[in-house]
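Take a look at the structure below.
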Amino acid sequence: MKKILVTGALGQIGSELVIKMRGIYGTDNVIATDIRTIDSEVITGGPFEILDVTDAEKMFDIAKRHEVDTIIHLAALLSATAEAKPLLAWNLNMGGLVNALEVARELNCKFFTPSSIGAFGPTTPKDQTPQDTIQRPTTMYGVNKVSGELLCDYYYNKFGVDTRGLRFPGLISYATPPGGGTTDYAVDIYYKAIESGSYTSYIDKGTYMDMMYMPDALNAIINLMEADPSKLKHRNSFNVTAMSVEPEMVAEAIRKHIPDFKLDYDVDPVRQRIAESWPNSIDASAAADEWGFKAEYDLERMTEDMLKKLKK
Ligand code: SER
């Protein structure tokens, strides 16, 4: 990776990945793009262009003009928003992806796009979900993610595009909040713990999902993209995870720092149904074996860091 184009650069992953990669690869070598502008270091701190990923021509122009050799395609709607607007999700998530893959094919770029635990469904084995298993998701987001994994493998097999991906669990971060996801409760709970000392969860007690702290997610992207291709048996996409948690466990970890923290519930049936269709925990051993994946943050360590950073 020498010159990198990032789509969706103002989103939850992009806003931190761009800054980290500019530190590693050089400020001018990471071209951030997004459909909007906001007050952000991503825009003021290096190259930035407005890009709607459904505009194939503009995406090609930007990539060609900057002579990029890598595309990190992050622009997408998350699960709950996609469920509310399924056609928009199909058009944006799949239209954006195929445009980005075409640019990668034409300009001979390496390619990364995230998949998700959302690529699994109710018939997938729920505990320690294997790397290779049943994928029959019941959400539009999941349909997009499975289709995306297949499409990326297709571009690799058919055209030789160096596509690589990760099935991310819920990502927890303090810099930019996520929007419209099912796992977002595990981010909101920390904000509310600091603001008001209590949180009302829309995901029910006892509902396990995998999570990962953003620093581990950023390292995983960079390490996978830098991995020796001859070691990769899989490509799209690798299971990765750091912890399997349910709301009470997160609350308990918060109480070690805020003893009076209160958690109650007002379950949202839509997001609860999505959560129940996803695994309780996933097995990341293929990622560990093929390119050395390892998460540094468990629930305790993440909670300590989240609360410290959010207090600032
Ligand atoms: N965090 C995502 C969501 O909840 C899952 O990939 O939609």
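If you read the sequence from its start, that first residue is 1, and numbering goes on from there. Fair warning: this is a prediction, and the values are worked out from it, not measured in the lab. Whatever order the structure lists ligands and atoms in, that order sets their numbers, starting from 1.
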In terms of atom number and element, which parts of ligand 1 are under 4.0 angstrom from non-hydrogen atoms of Ser116? 5 (C), 6 (O)
When distances are taken from atom 4 (O) of ligand 1, the protein heavy atom at minimum range is Thr182 N, 2.6 Å
What residue and heavy atom of the protein are closest to atom 1 (N) of ligand 1, and at what distance? Thr183 OG1, 2.8 Å
Give me the ring orientation class for Tyr141 and Trp278: parallel if the planes are under 30° apart, tilted from 30 to 60°, perpendicular past 60°. tilted
May I ask you to identify, for Tyr185, whether its side chain, its backbone, both or neither come under 4.0 Å of ligand 1 on a heavy-atom basis? neither
Do Cys152 and Leu101 touch side chain to side chain, with heavy atoms closer than 4.5 Å? yes
Do Met59 and Ile71 have side-chain heavy atoms sitting under 4.5 Å apart? no
For residues Thr70 and Phe112, determine if any side-chain heavy atom of one lies less than 4.5 Å from a side-chain heavy atom of the other. no
Asp184, any N or O under 3.5 Å of ligand 1 N or O: no
Minimum-distance protein heavy atom relative to atom 7 (O) of ligand 1: Ser79 OG, 2.6 Å
Do Pro229 and Arg235 have side chains that approach each other closer than 4.5 Å (heavy atoms only, starting at C-beta)? yes
